[in-house]
Colleague: 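Quick one: the structure is below, questions incoming.
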Number of protein chains: 2
Amino acid sequence: MSTTVVTPFKHEGHDHDHCVDDALARAERQCERRGVRLTPIRRRVLELIWRRHEPMKAYDLLDMLRAERRSAAPPTVYRALDFLLEEGLIHRIESLNAYVGCGDPDRPHVGQFLICRHCNAVAEMNDADVHKVLADKAGDLGFQVGTQTIEINGLCPICRDQGHALNAV
Amino acid sequence: MSTTVVTPFKHEGHDHDHCVDDALARAERQCERRGVRLTPIRRRVLELIWRRHEPMKAYDLLDMLRAERRSAAPPTVYRALDFLLEEGLIHRIESLNAYVGCGDPDRPHVGQFLICRHCNAVAEMNDADVHKVLADKAGDLGFQVGTQTIEINGLCPICRDQGHALNAV
DNA sequence: TACGACGTGTTATATTGTTGCACAAGCAAG
DNA sequence: CTTGCTTGTGCAACAATATAACACGTCGTA
Ligand SMILES: [Zn+2]
Ligand SMILES: [Zn+2]
Ligand SMILES: [Zn+2]
Ligand SMILES: [Zn+2]
């Protein structure tokens, strides 16, 4: 069993205030250690992402930023996102054009995402078996693996238990 | 060994004219069987995608279409792409905002893509082991799998043999 | 002080994708 | 054949996502 849940579903009973505070504290420590600056804008964007604990769109973040910082513009948020991506503090969900916080930014990795199509909850796995089987199969074809984009769309435990069905979108 | 290569890399010695003709003939048979219409526009877009045998952007297709059909506009190409996606004749590569032909449109499936970061070549796998390990791991977390987006970026056999390195982008 | 690196403000632009409505082409029932 | 329905296309505008270019300010350091 090599499954590592990097970030669990939001529902799965957790003290979310604590979860956000934790993520910000981790980010601050990590940035200090690396000698990079978690400026107010960057910190605020990271906080907005964690607050919702679900994939956030760049322009939704921009609207929120604008509410408190009149000068915010697209570059403001995209620069912050670039920084956070660079430092591994967030991941980009390609299939949604959205961004989620990473629960384990310390070691660089690519995420394996489970995305609920009903409630938008996202969990991040980092499973060595998944990585290995893909690398092996790709290797069989002579392909050298760089970055894996793995995004699984489906139903989270809560929504499944509530009777939502896959085919109903 | 459950690896099925749905669409191999373009390089791997193949008669490309034949490959395009084949794809179009398959598409025509399939559309007829299903009672849907492979109209001239749809057929032409599919052909443009197969001609290049690599991920094609919507607006690049639009430019090509416009060269021969003055009235072409964004909806023209997006409607054709929607149709082709619906019928499984092409796949969308989320990480590139691009579209590639599917080598096995008959049975619906999601693709597992190997994308060369140097030459843009794409191969499509449809590997049961990959699907299973992901479904199992997701299932362990109570997640019911719907659609998998799997896109591996790296180096194709040709580019790797030519000494291109992963880190050099 | 002077310099250089970095972060931000600002404006404009590029890229990717959608909506709405009118009209035409294909097809089936009468 | 012709009426009416469904599907496909033309067209215009727009929405959503992302980047470019340049000016300016702050801060650490030679
Ligand atoms: Zn939380
Ligand atoms: Zn859910
Ligand atoms: Zn070919
Ligand atoms: Zn290559």
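As the structure is a prediction and not an experimental result, all values here were calculated from the model. Quick note on labels: first sequence line is chain A, next is B, and so on, each numbered from 1.
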Colleague: Once each nucleotide of nucleotides 7-12 of chain D is scored for protein heavy atoms under 4.0 Å, what B/S/- sequence comes out, 5' to 3'?
Modeller: -SBBBB

Colleague: Is B/R92 paired with B/E94 through a side-chain N to carboxylate O contact shorter than 4.0 Å?
Modeller: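 The answer is yes: the pair qualifies as a salt bridge.
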
Colleague: So, does B/Y78 get its side chain near the phosphate of C/dG17, meaning an N or O under 4.0 Å from OP1 or OP2?
Modeller: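 Yes, B/Y78 has a side-chain N/O under 4.0 Å of OP1/OP2 on C/dG17.
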
Colleague: Starting at CD of A/E87 and ending at C1' of C/dG7, how long is that distance when rounded to a whole Å?
Modeller: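 In whole Å, C/dG7 C1' lies 14 Å from A/E87 CD.
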
Colleague: Where the side chain of B/T7 meets the backbone of B/G103, is there a donor-acceptor pair that is under 3.5 Å apart?
Modeller: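 At least one qualifying donor-acceptor pair exists.
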
Colleague: Look at A/R51 together with A/D17 and state whether they make a salt bridge at an N to O cut-off of under 4.0 Å.
Modeller: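 Looking at A/D17 together with A/R51, the answer is yes, because their closest N to O distance falls below 4.0 Å.
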
Colleague: Would you call B/R33 and B/D106 a salt bridge, using N to O less than 4.0 angstrom?
Modeller: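 Result for this pair is yes, salt bridge flagged.
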
Colleague: In whole angstroms, how far is the C1' atom of C/dT16 from the CD1 atom of B/I93?
Modeller: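 The distance from CD1 of B/I93 to C1' of C/dT16 comes to 16 Å, rounded to the nearest Å.
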
Colleague: Between the side chains of A/K10 and A/E54, is the shortest nitrogen-to-carboxylate-oxygen separation below 4.0 Å, so that they form an ion pair?
Modeller: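 Salt bridge absent between A/E54 and A/K10.
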
Colleague: To the nearest Å, give me how far apart CG (A/L38) and C1' (C/dT8) are.
Modeller: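 In whole Å, C/dT8 C1' and A/L38 CG are 15 Å from each other.
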
Colleague: Does A/Q144 reach the main-chain N or O of A/A138 with its side chain, forming a donor-acceptor pair under 3.5 Å?
Modeller: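 No, because the side chain of A/Q144 does not come within donor-acceptor range (under 3.5 Å) of the backbone of A/A138.
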
Colleague: For B/H109, check ring pair (Phe, Tyr, Trp, His ring centres under 6.0 Å) against everything at least two apart and list the hits.
Modeller: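 If we apply the ring pair (Phe, Tyr, Trp, His ring centres under 6.0 Å) test to B/H109, skipping adjacent residues, the hits are B/H91.
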
Colleague: Which salt bridge (charged side-chain N to carboxylate O under 4.0 Å, His left out) pairs, counting each pair once, include a residue from residues 64-81 of chain B, with sequence neighbours left out?
Modeller: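 For residues 64-81 of chain B, and leaving out neighbouring residues, the salt bridge (charged side-chain N to carboxylate O under 4.0 Å, His left out) pairs sorted by first residue read B/R44-B/E68.
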
Colleague: Please list, by residue number, the residues of residues 50-62 of chain B whose heavy atoms come closer than 4.0 Å to an atom of DNA chain D; answer none if no residue qualifies.
Modeller: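 Here the set is empty: none.
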
Colleague: I need the CG-P distance between B/L96 and D/dT17, as an integer number of Å.
Modeller: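 After rounding, the gap between these two atoms is 18 Å.
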
Colleague: Sequence neighbours excluded, which residues qualify as ring pair (Phe, Tyr, Trp, His ring centres under 6.0 Å) partners of B/Y99?
Modeller: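 Scan of B/Y99 (ring pair (Phe, Tyr, Trp, His ring centres under 6.0 Å), adjacent residues dropped) gives none.
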
Colleague: Below 30° counts as parallel, above 60° as perpendicular, anything between as tilted: where do the rings of B/H14 and B/H53 land?
Modeller: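 Perpendicular, since the angle between the ring planes exceeds 60°.
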
Colleague: Can you measure B/N97 atom CG to D/dT19 atom P for me and round it to whole angstrom units?
Modeller: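 It is 10 Å, rounded to the nearest whole Å.
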
Colleague: What is the separation between atom CG on A/L81 and atom P on D/dT19, rounded to the nearest whole Å?
Modeller: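 Spelled out: CG on A/L81 to P on D/dT19 is 10 Å.
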
Colleague: Charged N to carboxylate O under 4.0 angstrom, A/R42 versus A/D82?
Modeller: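 A salt bridge is absent here (no side-chain N lies under 4.0 Å from a carboxylate O).
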
Colleague: Between the opening five pairs and the closing five pairs of the helix from C/dT1-D/dA30 to C/dG30-D/dC1, how far apart are the helix axes, to 10°?
Modeller: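 Axis angle across the helix from C/dT1-D/dA30 to C/dG30-D/dC1, nearest 10°: 20°.
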
